[in-house]
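Each chain gets a letter, A, B and so on, in the order the sequences are listed, and its residues count up from 1.
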Amino acid sequence: MTPYHVSIPSRVWKSQLPRLLVLLNQAEAHPAVVIDIAAVKFLAPAAIVVILARWHRWKREGKGVSLVGMESCENLGYLQRIDFLTHLGVEIPENFIRRNPAGRFVPVQTLNFAGGDVDKIASEITRCTLPDVDFEDDVYRLLQYAAGELLSNAKYHSGGRAFVCAQFFPKSSQVHIAVADDGVGIRESFLNTSREHEAGTPDTAIRLALLPQVSSVLLRPNPNPYSGQNHRGVGLSVTRCFARKSCGRLSIASENGWFDEIHGLEQTRPSQPIYFPGTLVAVTLHRDHIADYAEMHAEVMSEIGMGDLDTGEMFVD
Amino acid sequence: MKLEFQMVSEFGEFLADGHVGNQFRSLRIECIWDRVESVVFDFTGVTNLTDSFVHACFGNMAEEHGEEFSQKVRFKGCSPLVRSFISIAVSEGLKKHREHHAGH
């Protein structure tokens, strides 16, 4: 039987993600798939992690998956440098010398519940994306925060393997970070929790996950302080507010659920029938619009209703 | 028993992983809480953290122990940013403790 052929478009920016998701999903029913990268000139971080997560899910399900078009791909070097091919399990000779990618892109990294140090990967991503920025700089700490929260979510809620990729675009002064996993999806992660009945559809589950103090781990009845109780589920809400405040963008895809917000305005749902098993979260932060990180964080927490009591006596010099 | 933890030695400069924060709370603090007279968390050298970590570790601890938490726990060497994160998480935990115990 002839494998189903998926030609990856020439350029996939974040706004073309729905089209990529549709293309990949058309291969779902076929027992064998060929991914063709011959035309590829640019893939945004979100596109890279989406393809990787889908590829690994197919492999896990026993689907035959192969990659073609490498010899014609103008941007093969970039795909090799960013370790896209390595994570597909495709090893071909590299006709270039690997240089430090700092300041341009972050090679793809992976983690799952069993492995992957969230703190370390988030810090590496930040250092690599913003090498000229001091670690005490507001932009640096904000990106480190967002990466840490997205990776934590993927590690503990997806039940699968997550791929993360980031890139800084100097001309537009934007930092893109994307995490996609081949796990259970947001709606499924709410099953067997006290919020199960609210998760409903993939769309409502995404919106539920964006609410502050909602977590598919914490709010189980009678949480035991020695085991299950984890965190308050504010990471994604805060990251969303940070994206808004930096005139950025937050996009989430999980099953046929879709959420896309630019500058705080939710975008119209694409007309195509999107489907992504697992979860994709992609954040764009606008470096020029990040001022005081500590102040932004305090503002955001106040906006989501988490006030600050007088705890002064607990702090000593 | 008096405890003091150097957070940078325990976790590094960036405290991000909520699960790790929860494990630390459960395995290093909660299991001996009744025998602990005071506990100091020294944040010297910690440059950044996430809400996942700080709420899993300190928010939950404050929620569990309420006033006893305020009496036993002290935070040292906090930058204004770290202090702000901790303060919000602890406030939220104490608030929840009061809600749980209101009318008891």
Side-chain angles (χ1 to χ4, degrees), chain A residues 113 117-123 126 135-136 138 140-142 144-149 151-153 155-156 212-213 215 217-218 223-239 292-295 297-298 300-302 305-317, chain B residues 11-23 25-27 30-31 33 40-43 47-65 69-96:
Chain A
F113 192 79
D117 185 329
V118 169
D119 309 22
K120 191 165 158 262
I121 297 175
S123 296
T126 313
F135 70 92
E136 290 194 324
D138 294 305
Y140 187 98
R141 291 193 289 192
L142 182 46
Q144 194 181 35
Y145 175 95
E149 292 291 16
L151 290 169
S152 271
N153 275 344
K155 183 169 180 177
Y156 298 112
Q213 307 213 56
S215 165
V217 175
L218 170 71
N224 176 350
Y226 293 92
S227 57
Q229 195 173 16
N230 193 346
H231 58 79
R232 280 169 213 288
V234 295
L236 199 53
S237 322
V238 174
T239 304
D292 187 321
Y293 169 55
E295 200 175 290
H297 180 261
V300 165
M301 296 307 276
S302 170
M306 299 184 85
D308 191 359
L309 303 174
D310 182 16
T311 54
E313 79 283 356
M314 283 187 226
F315 292 87
V316 292
D317 291 330
Chain B
F11 304 104
E13 294 170 1
F14 176 47
L15 283 54
D17 193 322
H19 188 72
V20 170
N22 197 45
Q23 273 187 331
R25 178 180 69 86
S26 300
L27 303 176
E30 298 289 3
C31 55
W33 178 264
V40 175
F41 298 99
D42 187 344
F43 279 83
T47 57
N48 199 5
L49 22 73
T50 64
D51 286 300
S52 288
F53 183 94
V54 79
H55 286 275
C57 190
F58 303 112
N60 286 341
M61 214 187 294
E63 181 176 341
E64 183 67 18
H65 302 290
F69 174 91
S70 309
Q71 286 161 8
K72 282 187 182 180
V73 173
R74 291 293 176 266
F75 299 100
K76 192 166 116 180
C78 299
S79 68
L81 174 77
V82 169
R83 183 177 168 140
S84 168
F85 268 83
I86 294 172
S87 189
I88 291 168
V90 167
S91 298
E92 203 57 31
L94 293 174
K95 210 159 72 184
K96 288 218 170 345

### Task
Tell me, with the steps shown, if His55(B) and Met306(A) meet side-chain contact (heavy atoms from CB on, under 4.5 Å).
CA-CA 11 Å; His55(B) 286 275; Met306(A) 299 184 85; 3.3 Å; yes

Minimal non-hydrogen separation, [X] against [Y], with atom names:
{"X": "Ser152(A)", "Y": "Ala16(B)", "result": "OG-O, 3.5 Å"}
{"X": "Asp119(A)", "Y": "Leu15(B)", "result": "OD2-CA, 3.8 Å"}
{"X": "Glu313(A)", "Y": "Ser70(B)", "result": "OE2-CB, 4.4 Å"}

Can you find a heavy atom in the side chain of [X] that is under 4.5 Å from one in the side chain of [Y]?
{"X": "Phe75(B)", "Y": "Val316(A)", "value": "no"}
{"X": "Val118(A)", "Y": "His19(B)", "value": "no"}
{"X": "Lys120(A)", "Y": "Phe14(B)", "value": "no"}
{"X": "Met314(A)", "Y": "Phe69(B)", "value": "yes"}

Any chance you could measure [X], atom [atom1], to [Y], atom [atom2], to the nearest 0.5 Å?
{"X": "Asp17(B)", "Y": "Leu151(A)", "atom1": "CG", "atom2": "CG", "answer": "9.5 Å"}
{"X": "Glu295(A)", "Y": "Ser84(B)", "atom1": "CD", "atom2": "OG", "answer": "10.5 Å"}
{"X": "Leu81(B)", "Y": "Arg141(A)", "atom1": "CG", "atom2": "CZ", "answer": "5.0 Å"}
{"X": "Phe315(A)", "Y": "Ser87(B)", "atom1": "CZ", "atom2": "OG", "answer": "5.0 Å"}

### Task
Can you label the angle between the His297(A) ring and the Phe85(B) ring as parallel, tilted or perpendicular, going by 30° and 60°?
parallel

### Query
Does any heavy atom of chain A fall under 4.5 Å from the side chain of Leu49(B), the backbone, both, or neither of them?
backbone

### Task
Start with the C-alpha gap between Thr50(B) and Gln144(A), add the side-chain angles, then the distance that decides, and say whether side-chain contact (heavy atoms from CB on, under 4.5 Å) holds.
CA-CA 9 Å; Thr50(B) 64; Gln144(A) 194 181 35; over 6 Å; no

### Message
Looking only at the side chains, is there a donor atom on one of Ser52(B) and Glu149(A) sitting less than 3.5 Å from an acceptor on the other?
### Response
yes

### Query
Is the closest side-chain donor-acceptor distance between Asn48(B) and Tyr140(A) under 3.5 Å?
no

#### Entry: side-chain contact (heavy atoms from CB on, under 4.5 Å) evaluation trace for Tyr145(A) with Asp51(B)
CA-CA 9 Å; Tyr145(A) 175 95; Asp51(B) 286 300; 2.4 Å; yes

